[in-house]
Structure formats: C-alpha cells, structure tokens
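Got a structure for you, questions after.
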Protein chains: 2
Amino acid sequence: MKNSNSSVKIDGIDKKILRYLMEDARRPILEIARNIGISGAAIHQRLRKLEASGLFVGSKFIVNPKVLGYTTMAYIGIFLDKAMANPQAVKALEKIPEVLECHYTTGNWSILIKVLCRDNEHLMQVLNKKIQQIDGVSRTETFISLNQQIDRQIHI
Amino acid sequence: MKNSNSSVKIDGIDKKILRYLMEDARRPILEIARNIGISGAAIHQRLRKLEASGLFVGSKFIVNPKVLGYTTMAYIGIFLDKAMANPQAVKALEKIPEVLECHYTTGNWSILIKVLCRDNEHLMQVLNKKIQQIDGVSRTETFISLNQQIDRQIHI
DNA sequence: CTTGAAAGGTTCGGTCC
DNA sequence: GGACCGAACCTTTCAAG
C-alpha cells in the first residue's frame, strides 16, 4: 500500500484531467479525451494510476441543503474541561447529524465544528440540547455564516 | 427555473439513491438499481427530476491534499476596518489559491476563511504576504486544524 | 416504470517508442 | 518498461410507449 505519500508526480495531462473531474465527476471521459487529444482508454489508465497513488479518494454527489430547508450554517468553537476529553467528545459529536465537520485545533478552543441547521431555532436546540450536554463541554462560541462566498478544492 | 425551493419532496427510493451517490458519485447505477429492485433507467429519471429541483448541484472528484504535500489546514478569522470593505476583500481572497472557503460571519470577525498550505512556513507566508496585505484587513486570528476528525455532508 | 437503441465507460491485447 | 490505441463488452443515457 503506497499511500499518503507526498512524492506523487503528475504531469500536465493529469492536471487537465483532474481539473475537469474536480468540477464534475461525471463529465464524460471521452469528451475530456477529445479536448486533450488522447484516447478514452489512456485517460482511464491514468485515472487508475492516480487512484492507486492515493491522490484521489473518490467522488461525491453534492447536494444543496437549502432545497431541503437547511439554511443556517454555523461554526462553533468548543472549550473542553480537559484535553483528554477529546476522543469522547468527538464520538458524541459524530452522533449529532447536524455536525458536518470537526477539527482539533490550536488556539482558543479545543474543537471547532461546522453545523448545518434548518434555521436559528434549530441551531439553538442543537446547541442547548445536544452540544452543551456532552460531557466535558464547558463553553461554546458560535459564528453563523451569513453567506458562504468561496467554496472550492485545492488548486491544481 | 424552479430552484432553491424548500418544498422538494423526496421519497424513500430517492433517499437510497442519494445516499449511495453522496458516498461515491461514480458508483454504477445498475448496481444501485439491482439493490433497490428497479431498472437503471428509472433511477436515471429520478436523478434528472432531483437535479431539476435543484437538490443536487453536481458531483466532484475528491483529491487528497496530503499526497500533493499539503498538510497544514487552518481557519483564519479576519477583522476588517469597515464592514463595507467586504466585497473587495472577498475579491482579493478569491485570487489566493490557498483560500478554500470564505464565510461572512456574525460574531468577532467579519470573515472566516479556511486555508490549505503545504506546511507552517507556507501558512506564515500566506498570512503575512497575502492576507495581511489586503486593503481593509486590520487583524487576523489563526486556528490550525491539527486533525479533521469528521467530514461529511448533510444527513438524508 | 419499462423497453430498446445510441452514446459512453471499462478492459484487454497489441503496438510503438 | 511505460504510454497509448482499437475493439469487444458492459453501463449509462434518452426517447417512446
């Protein structure tokens, strides 16, 4: 398993392929092939190699939460009583479906999480009835994202 | 254009399809069809309907930044001199490839961004030579993500 | 929702540096 | 060995019923 290795070499053709697919994972490979000027089979072979190198983890459908009525996104900084409480806290956070990301951070807080809720009232319930109830959580700071103005992946 | 409408109805079959594809956008539709017990074309029709409703925005290849040598992720809270500087600041941030997300937030800062860098030195350069140079940026607070412990989409 | 035909994706054997 | 191509086979897509 040659993986998570930072010595992966990709050439210009690989970059072109990745740029197409990072925007739309279901873009026809033959269309890319015609644009670049090689056969579909060659692209497929390169993709298999890139996958084996660990460079891409897979592909995901992106759903628009607003259409499902989820319009409130927020970041919450969490203070823990003791640093050793982290693994249990993460385990508890995993069980809360509104929690989309969880980062173990330097700085003020022990943990920074991103949550997605239907509205402010839903966010308040998640805060009071779910997050504040977790053992070890002493205090939280909430930052509501009024507008996500940039959302992209690493630039290749 | 019936879009961004929060009155989209999805049934159990739609949910199953979405759950499969949110994990892996290139999963064979016929495989899902066999699991659910309807034809591949039927799934395709439901997907077209869901796409028309605005529920999904597309699909993306997910690349692993670590393999490319990008190992330092951080959140940076940005204080702006004046709130009106926001549009210009976002425009400037868009030109910095290391900036992956940008949120207009309530609370302490005007802006919260997520950056991805090769290492701490690279992060320092991005902070000092790019972000601090933006007109209107008065002060920043940086939180390095030592470990992203949860990363997922809205639960369906 | 299903069928069926056209377009696309995948794999394999072979060719050419 | 490494990269690419072409053809056979399977999957996806789309229109018609």
Side-chain angles (χ1 to χ4, degrees), chain A residues 1-64 67-68 153-156, chain B residues 1-5 7-64 66-69 153-154 156:
Chain A
M1 205 135 186
K2 193 181 70 174
N3 220 2
S4 295
N5 200 322
S6 70
S7 59
V8 172
K9 281 173 194 164
I10 59 176
D11 65 8
I13 296 178
D14 291 326
K15 286 185 186 175
K16 280 186 188 174
I17 298 169
L18 285 172
R19 275 199 277 258
Y20 278 113
L21 292 173
M22 282 171 72
E23 276 192 7
D24 179 1
R26 287 190 98 96
R27 179 163 240 157
I29 287 181
L30 286 181
E31 189 187 315
I32 304 171
R34 279 189 294 267
N35 284 340
I36 297 182
I38 57 176
S39 73
I43 297 212
H44 192 250
Q45 283 166 20
R46 281 169 176 271
L47 284 174
R48 281 176 59 103
K49 217 176 284 178
L50 290 173
E51 187 164 28
S53 78
L55 198 151
F56 68 78
V57 186
S59 55
K60 294 200 187 320
F61 251 54
I62 310 300
V63 308
N64 178 1
V67 175
L68 290 171
Q153 282 197 74
I154 184 174
H155 181 255
I156 292 188
Chain B
M1 204 131 185
K2 193 182 73 174
N3 218 2
S4 294
N5 201 322
S7 59
V8 172
K9 282 173 191 161
I10 58 175
D11 66 7
I13 294 179
D14 291 326
K15 286 185 186 176
K16 279 187 188 172
I17 298 170
L18 284 172
R19 276 199 275 257
Y20 277 113
L21 291 174
M22 282 171 72
E23 278 193 5
D24 179 2
R26 286 192 99 96
R27 179 164 241 158
I29 287 183
L30 284 182
E31 190 188 315
I32 303 171
R34 279 189 292 266
N35 283 342
I36 296 182
I38 57 178
S39 73
I43 297 208
H44 189 248
Q45 283 165 19
R46 282 169 175 269
L47 285 174
R48 281 177 57 105
K49 221 177 282 179
L50 291 174
E51 186 164 28
S53 77
L55 198 152
F56 69 79
V57 186
S59 55
K60 294 199 188 321
F61 251 55
I62 308 301
V63 308
N64 178 2
K66 286 181 188 164
V67 174
L68 290 172
Q153 283 195 75
I154 184 174
I156 293 190

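Nothing here was measured: the structure is a model prediction, and the numbers come from that model. Throughout, protein chains are lettered first and strands after them, A, B, ... in sequence-line order, and every chain is numbered starting at 1. Side chains are part of it too, since the values below use all heavy atoms of this structure and drop only hydrogens, waters and symmetry mates.
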Between D:dT11 (P) and B:R34 (CZ): distance, integer Å = 6 Å
May I have the list of side-chain donor-acceptor pairs in residues 11-18 of chain B shorter than 3.5 Å, sequence neighbours left out?
residue	atom	partner	partner atom	Å
B:D11	OD1	B:I13	N	3.1
B:D11	OD1	B:D14	N	2.9
B:D11	OD1	B:R46	NH1	3.0
B:D11	OD2	B:R46	NH1	3.2
B:D11	OD2	B:R46	NH2	3.4
B:D14	OD1	B:R46	NH1	2.9
B:D14	OD2	B:D11	N	3.3

Heavy atoms of chain B, cut-off under 4.0 Å: which first and last nucleotide of DNA chain C, 5' to 3', fall inside that, if you could look?
-> C:dC1 to C:dT3
In whole angstrom, what separates B:I43's CD1 from D:dT12's C1'?
-> 12 Å
Distances for protein N/O vs nucleotides 13-17 of chain D N/O pairs under 3.5 angstrom?
residue	atom	partner	partner atom	Å
D:dT13	O5'	B:H44	NE2	3.3
D:dC14	OP2	B:H44	NE2	3.4
D:dC14	OP2	B:R48	NH1	3.2

When you measure from the side chain of A:E23 to the backbone N and O of B:K60, does any donor-acceptor pair fall under 3.5 Å?
-> no
Phosphate OP1/OP2 of D:dG2: any A:K49 side-chain N/O under 4.0 Å | no
Do A:S59 and B:I62 have side chains that get closer than 4.5 Å, going by heavy atoms?
->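 A side-chain contact under 4.5 Å is absent here.
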Taking A:Q153 for its side chain and B:V63 for its backbone only, find out whether a donor-acceptor pair lies under 3.5 Å.
->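 Here the side-chain-to-backbone pair exists.
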Can you check whether A:R46 has a side-chain N or O nearer than 4.0 Å to OP1 or OP2 of D:dC4?
->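 Yes, such a contact exists.
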Can you sort out the partners of A:Y20 under side-chain contact (heavy atoms from CB on, under 4.5 Å), two or more places apart, ordered by chain and number?
->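 Expected list: A:R27, A:I32, A:N35.
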Whole-Å gap separating P (D:dT12) and CD1 (B:I38) = 13 Å
Can you name the residues that form a side-chain contact (heavy atoms from CB on, under 4.5 Å) with B:R48, not counting sequence neighbours?
-> B:H44
side-chain contact (heavy atoms from CB on, under 4.5 Å) against A:A42, all qualifying residues, sequence neighbours excluded =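 Expected list: A:I38, A:S39.
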Side chain proximity check, B:L30 to B:R34, heavy atoms < 4.5 angstrom | yes
